[in-house]
Amino acid sequence: MGLFERDTEIYKNRDALREDYQPAQLVGRDEEIQMYQTALQPVINGEQPNNVFLYGKTGVGKTAATRYLLSHLEEDASQYDDIDLHLTFLNCDGLTSSYQIATRLVNELRDETNQISTTGYPRATVYEMLWEDLDETAGTNLIVLDEVDHVEDDSILYQLPRARANNNLSAAKIGIIGISNDFSFRDDLSPKVKSSLCEQEIHFPAYDAGDLQKILEQRAAVAFHEDVLDDAVIPLCAAYGAKDAGDARQSIDLLMKAGDLAREEEETVTVTETHVEAGRHDLERGRIEEGISGLTQHGHLVLYSLLTLHLQDETPIRSRDVRPRYTSFAQRAGRDPLVPRRMRDHLSELAMLGLVSVTERNEGRRGGTYREYTLDMDLDLILSALDDVLNDVGVHDSLQGHLAAGESTDENASLTEFN
DNA sequence: ATTCCACAGGAATGAACGGAAC
DNA sequence: GTTCCGTTCATTCCTGTGGAAT
């Protein structure tokens, strides 16, 4: 028998569940597509394109609708000789500044042999390159900025739509399509950016459980062989998706994970609710791990402090009371403890990741306002994720000991190898 | 109505670092 | 090498804030 063998297949086409899969029809987005299409019409007419701004929570079809319409647009535009359409697609996830957006855009526009470094240049130089490259195309440029809410300054959003007016461009026409998950992002934009970027706004509402179910059924019909899914599987995935903010991506990922788990099992031919539950657990763990791996050492120390305090039933706990524990851990790890202000930032960051939940308290003149933090995740999940990141046997063993003993944690947990 | 606690969180600033250009 | 430049993580200083106590 070879090292690899074909799995007992439950999938007909697993790719249909992947993020990059383009379904032939988008379910439940008719109105939005219609508006979107109208907004893009000027491109075909050879006019200066509208700037379009899409907003709505993650996984409600914004990106899918964009891909769908733009691929049609590209196809239809090719029938007219006088239209030279260029599409540039950029996901701004992980990019925090206009500068980074600009460098990535330049690289998108250039071929592989001519890429620039994403650091080192003065800002003005990068913009200069961007205008030059755009102008060289001399046609209609549609620039899609997905997840543009990740970028923390407006500069590029101000510059791009005005490039023509400022004589930075002569030949090229550009239209910006901004996609944002964050509702408040639009309101935080400076007025001048808002008026130009948000010429056309399209709101994508969350899917309800019914929509999600239709979407899942559509994908499952392509992805799985018939009668492989238990009847309860799709409704369950849809229900979880609807509960967590109507996110189709998440529901589909869950379905795929459940499918994968079922496939891994020998002689399993159906996907059941059990697989869905297990898949949910796995995905959750993945998210936690990802969040934790992005933290600073001090972030880890703060989390670890909170963890030990939690084991001692000290949570919920205010930042003031976390501090002594954190300080001693930091010293044990050979680091200078951070100043309280900064430590609070780390606590907030943990809260943002959903690892920790916060309740605001106010005892008025007696106690003032403060926040109380408590672990919001399954302890074992955090522990195993932390373990992967820390790669520190000492920490792990001592904690496991406490878990087993179920009694209070001493502060002498080994942290000597913390790095 | 006013006072006031104890923290939240914004803003300014700086050190360290990686990369480009000279 | 040195000089710029942008980014990240941190410190320092500061103003804002909600509600119990007066």
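A, B, ... follow the sequence lines: proteins, then strands. Residue 1 opens every chain.
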S.K.: Which one, C:dT8, C:dA10, B:dA6, comes nearest to the side chain of A:R342?
M.R.: C:dA10
S.K.: Taking atom types as they are modelled, is there a donor-acceptor pair under 3.5 Å from the base of C:dA20 to the side chain of A:R365?
M.R.: no
S.K.: Does the separation of the ring centres of A:H72 and A:Y68 fall below 6.0 angstrom?
M.R.: yes
S.K.: How many whole angstroms separate atom CD of A:E363 from atom C1' of C:dA21?
M.R.: 12 Å
S.K.: What is the distance, to the nearest angstrom, from the CG atom on A:N107 to the C1' atom on B:dA20?
M.R.: 14 Å
S.K.: When you get a sec, tell me which of C:dT11, C:dT8, B:dA20 is the closest nucleotide to the side chain of A:V339?
M.R.: C:dT11
S.K.: Run the numbers on A:V358 and A:E372 for side-chain contact (heavy atoms from CB on, under 4.5 Å), then give the verdict.
M.R.: CA-CA 6 Å; A:V358 186; A:E372 281 186 337; over 6 Å; no
S.K.: Can you give me the closest heavy-atom contact between A:P205 and A:R29, atom names plus distance?
M.R.: O-NH1, 2.9 Å
S.K.: Assign A:S97 to base, sugar-phosphate, or nothing according to its heavy-atom contacts below 4.0 angstrom with the strands shown.
M.R.: sugar-phosphate
S.K.: Quantify the bending of the helix from B:dA1-C:dT22 to B:dC22-C:dG1 as the angle between its end axes, each fitted on five pairs, to 10°.
M.R.: 20°
S.K.: Side-chain donor-acceptor pair under 3.5 Å between A:S98 and A:Y158, yes or no?
M.R.: no
S.K.: Take atom CD of A:Q297 and atom P of C:dT8, then tell me their distance rounded to the nearest Å.
M.R.: 17 Å
S.K.: Is a donor-acceptor pair below 3.5 Å formed from side chain A:N362 to base C:dG18, judging by atom type as modelled?
M.R.: yes
S.K.: For A:F204 and A:Y55, I'd like to know if the aromatic rings sit close, meaning centre-to-centre distance below 6.0 Å.
M.R.: no
S.K.: Does OP1 or OP2 of C:dC9 have a side-chain N or O of A:H346 closer than 4.0 Å?
M.R.: no
S.K.: Quick one, A:Y373 and A:P316 - any side-chain contact, counting heavy atoms below 4.5 Å?
M.R.: no
S.K.: Taking CE from A:M343 and C1' from C:dT11, how many angstroms apart are they, rounded to a whole number?
M.R.: 15 Å
S.K.: Do A:R318 and A:Y370 form a cation-pi contact, if we require the NZ or CZ to be under 6.0 Å from the six-membered ring centre and within 45 degrees of the ring's axis?
M.R.: yes
S.K.: Check the phosphate of C:dG6 against A:Y121, side-chain N and O only, distance under 4.0 Å to OP1 or OP2. Yes or no?
M.R.: no
S.K.: Nearest whole angstrom, please: distance from the C1' of C:dG6 to the CG of A:L95.
M.R.: 14 Å
S.K.: Does A:S180 offer a backbone N or O that forms a donor-acceptor pair with the side chain of A:D149 under 3.5 Å?
M.R.: no
S.K.: Taking the nucleotide of DNA chain B with the closest heavy atom to each, which residue, A:T118 or A:G364, is nearer the 5' end?
M.R.: A:G364
S.K.: Would you tabulate the nitrogen or oxygen pairs shorter than 3.5 Å linking the protein to nucleotides 8-12 of chain B?
M.R.:
unit_1, atom_1, unit_2, atom_2, d
B:dA8, OP2, A:R344, NE, 2.2
B:dA8, N7, A:R344, NH2, 3.2
B:dG9, OP2, A:R371, NH1, 3.0
B:dG9, N7, A:R341, NE, 3.1
B:dG9, N7, A:R344, NH2, 2.9
B:dG10, N7, A:R341, NH2, 2.9
B:dG10, O6, A:R341, NE, 2.9

S.K.: Which nucleotide in the list C:dG18, C:dA10, C:dG6 gets nearest to the side chain of A:Y99?
M.R.: C:dG6
S.K.: Using atom CD of A:Q100 as one end and atom P of C:dG6 as the other, report the distance to the nearest whole Å.
M.R.: 12 Å
S.K.: Expressed in angstrom and rounded to an integer, what is the separation of A:Q115 atom CD from B:dG19 atom C1'?
M.R.: 16 Å
S.K.: State whether A:T96 places a side-chain N or O below 4.0 Å from either non-bridging phosphate oxygen (OP1 or OP2) of C:dT8.
M.R.: yes
S.K.: What nucleotide, of C:dG18, C:dT8, B:dA6, holds the atom closest to the side chain of A:R320?
M.R.: B:dA6
S.K.: Considering every strand and a 4.0 Å limit on heavy-atom distances, what is the contact class for A:T296: base, sugar-phosphate, or nothing?
M.R.: sugar-phosphate
S.K.: Of the options C:dT22, C:dG6, C:dA10, whose atoms approach the side-chain atoms of A:R123 most closely?
M.R.: C:dG6
S.K.: Between A:R280 and A:Y240, is NZ or CZ placed under 6.0 angstrom from the six-membered ring centre and within 45° of the ring axis?
M.R.: yes
S.K.: Rounded to the nearest 0.5 Å, what separation is found between the OG1 atom of A:T296 and the CZ atom of A:R335?
M.R.: 11.5 Å
